[in-house]
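Take a look at the structure below.
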Amino acid sequence: MVKKISTSWRAWMLLAGLLLSQQAAAENAPAPNGDYAYFGFEPDIVTNYIRKGPSLGYIRLTAEIMVAGNKNLELVEHHAPLLRAALVEIFGSQPEDKIKSLAGREEIRRQCLTTINELLQQETGQPLAADILFTKYLYH
């Protein structure tokens, strides 16, 4: 019987710890009400990248910017041509190894997010992009 109480006590303590950690995570969430919207570039972004050898390499991707709220979505949509041009420039300057590796793709994604937020900071006075997602990523 002592063993059951000890096991039960441990289970309750574990449950209490999990609940407290979830509450702390919820309090530190970046969006005040979790209202996110996504802006997708239409049509897909297609550009060349630096490839070894005489042939050209190209990449086709679908990118979506995650922003907090519909008002911010409208601002991002207004500046979409500037943001698209920045993405084309970033991908056009990448070497083949970085384009084709998972680690390189993640590094490019972070660079795109940083550049987008810098441009939005210059244009609107605030960095509006919470994240950027590549939903399609094809290279040749």
Minimum heavy-atom distance [X]-[Y], with the two atoms named:
X	Y	result
Ile90	Ile108	CG2-CG2, 4.2 Å
Pro127	Gln121	CD-OE1, 2.8 Å
Ala37	Gly69	CB-O, 4.1 Å
Asp44	Arg60	OD2-NE, 3.0 Å
Ala63	Ile132	CB-CD1, 4.2 Å
Arg51	His140	NH1-O, 3.6 Å

Original post:
Does the cation-pi check pass for Arg105 over Tyr137, that is, NZ or CZ under 6.0 Å from the six-membered ring centre and within 45° of its axis?
Top reply: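 Relative to the ring axis of Tyr137, which defines the angle, Arg105 lies inside both limits.
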pair [X]-[Y]: side-chain heavy atoms closer than 4.5 Å:
X	Y	result
Arg84	Pro43	yes
Asp131	Arg109	yes
Leu102	Glu106	no
Glu123	Leu82	yes

Measure the [atom1]-[atom2] distance between [X] and [Y] for me, rounded to the nearest 0.5 Å.
X	Y	atom1	atom2	value
Leu128	Lys71	CG	NZ	10.5 Å
Phe39	Glu64	CZ	CD	9.5 Å
Tyr49	Asp97	OH	CG	9.5 Å

Original post:
Between Tyr139 and Phe91, does the ring centroid distance fall short of 6.0 Å?
Top reply: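 No; Phe91 has its ring centre 6.0 Å or more from that of Tyr139.
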Would a hydrophobic clustering, with Ile, Leu, Val, Met, Phe, Trp and Tyr connected at side-chain separations under 4.5 Å, put [X] with [Y]?
X	Y	result
Leu61	Val46	no
Val88	Ile65	yes
Met66	Phe134	no
Ile116	Tyr36	no

Subject >> Chi angles and distances behind the side chain to side chain contact (heavy atoms under 4.5 Å, CB included) call for Leu133, Tyr38 >> reply: CA-CA 9 Å; Leu133 308 168; Tyr38 294 88; 3.7 Å; yes
Original post:
How far apart are the C-alpha atoms of Gln94 and Ile50, what are their side-chain angles, what is the distance that settles it, and do they pass the side chain to side chain contact (heavy atoms under 4.5 Å, CB included) test?
Top reply: CA-CA 6 Å; Gln94 301 302 319; Ile50 301 170; over 6 Å; no
**OP:** Begin from the C-alpha positions of Phe41 and Leu83 and carry the test side chain to side chain contact (heavy atoms under 4.5 Å, CB included) through to its verdict.
**Re:** CA-CA 9 Å; Phe41 290 96; Leu83 303 178; 3.9 Å; yes
**OP:** Might you work through the side chain to side chain contact (heavy atoms under 4.5 Å, CB included) test for Ile45 and Ile59, ending with a clear yes or no?
**Re:** CA-CA 8 Å; Ile45 296 170; Ile59 183 166; over 6 Å; no
Original post:
Of Leu113, Leu119, Thr114, which meets side chain to side chain contact (heavy atoms under 4.5 Å, CB included) against Asn117?
Top reply: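 Filter result, single survivor: Leu113.
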